Amino acid sequence: GVWRQTRALLFKNCLVKCRTKKSSVQEVLFPLFFLFWLILMSMMHPHKKYSEVPNTDLGTLDASLLVNLVVGYTPPTNMARQIMKKVAFDNFEDGIITEEYLSEEELQEASAFKPSNFVGVVFNDAMSYQLRFPDSVTTSSLYMESR
C-alpha cells in the first residue's frame, strides 16, 4: 500500500522534472545566482573593522557646559521619573532641569523651541532608552555605518 504509492509518486515527480527541463534548471540555478549576487555585494562593501580605543582619563566634567541644560523625557512613568531624578541630582551638584512630556511629539515640539540647550530621552522600557539631540549637535565621523 504505502510503499507502492510513495514509489509511484516519486516516479511521477521524476517524469514531471524530466519533461519540464527549463523550470527544473531554473529551480536549481536561481538560488545559486542569488547566492553569487549576495557574495559579490558583500565583497563590494566590506565591513570596516575599527581598532580598540585605549582607556584614557577624560578629566573632570566642565559644569559650565551644563548651565541651563534641559533634559526632557517621555513617557512619564514612575520608573522614568526615578531614573531622571537620579540623573539630575545624584550626578550634578546644582542639578539639571528635567521636564516630562506625555508623548514623543510633545518632546520634539519642545526641542524645536529650545534647540541650544535641550536633550530628549525616550524610554522604550525600564531598561532601554533613546537620546534625542537637537540638530545643532555635531555628529561623529568615526562610525557612520549604523546611521
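From a predicted model like this one, the values you see are computed outputs, not experimental measurements. Position 1 is the first residue of the sequence, and the numbers go up from there.
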* Hydrophobic clusters join Ile, Leu, Val, Met, Phe, Trp and Tyr when side-chain heavy atoms are under 4.5 Å apart, directly or via other members; which others share one with L10? -> none

* Taking T74 for its side chain and Y101 for its backbone only, find out whether a donor-acceptor pair lies under 3.5 Å. => yes

* Structure fact -> residues 4-19 vs side-chain hydrogen bond (donor to acceptor under 3.5 Å, both in side chains), sequence neighbours excluded, gives K17-E27

* Asked: Do T98 and K85 come within less than 4.5 Å of each other through their side chains, counting heavy atoms only?
  -> no

* **Any side-chain heavy-atom pair of V70 and V119 under 4.5 Å** => no

* Hydrophobic cluster mates of F33, side-chain heavy atoms under 4.5 angstrom, ILVMFWY only, any path? -> F30, F34

* **Sidechain-backbone polar pair: T20 side chain, S23 backbone, donor-acceptor under 3.5 Å** => no

* To do: Might you point out which heavy atoms bring A80 and P75 nearest each other, and give the distance in Å?
  => CB-O, 3.5 Å

* With ILVMFWY side chains joined below 4.5 Å, transitively, what does F11's cluster contain besides itself? -> L15

* Structure fact -> Heavy-atom nearest pair, L107 first then Y73, reads CD1-N, 3.9 Å

* Structure fact -> So the salt bridge (Lys or Arg N to Asp or Glu O under 4.0 Å) pairs with at least one residue in residues 33-42 (sequence neighbours excluded) are none

* Within residues 68-81 or reaching into it, pairs that qualify as salt bridge (Lys or Arg N to Asp or Glu O under 4.0 Å) - sequence neighbours excluded -> R81-E100

* List in chain and number order the residues that pass side chain to side chain donor-acceptor pair (under 3.5 Å) with E104, two or more places apart in sequence or in another chain; answer none if no residue qualifies. => R132

* To do: Kindly write out the residues that satisfy side chain to side chain donor-acceptor pair (under 3.5 Å) with S24, not counting sequence neighbours, or none if the list is empty.
  => none

* **Residues that D125 engages under side chain to side chain donor-acceptor pair (under 3.5 Å), provided they are two or more places apart** => S128

* Following the transitive rule for hydrophobic clusters with a side-chain heavy-atom cut-off under 4.5 Å over Ile, Leu, Val, Met, Phe, Trp and Tyr, establish whether M84 and L131 coincide in one cluster. => yes

* Asked: Are E99 and V71 close enough, and set up right, to give a side-chain contact (heavy atoms from CB on, under 4.5 Å), and what steps lead you there?
  -> CA-CA 6 Å; E99 296 176 355; V71 179; over 6 Å; no

* Asked: Heavy atoms, side chains only, cut-off 4.5 Å: are L102 and P76 in contact?
  -> yes

* Asked: Apart from I39 itself, what residues make up its hydrophobic cluster when side-chain heavy atoms of I, L, V, M, F, W and Y under 4.5 Å apart count as a link, directly or indirectly?
  -> L35, M43

* Could you tell me which non-hydrogen atom of L32 sits nearest to which non-hydrogen atom of V28, and how far apart they are? => CG-O, 3.5 Å

* Asked: What's the verdict on side-chain contact (heavy atoms from CB on, under 4.5 Å) for F123 and I83, showing C-alpha distance, side-chain angles and the deciding distance?
  -> CA-CA 10 Å; F123 287 95; I83 292 171; 3.9 Å; yes

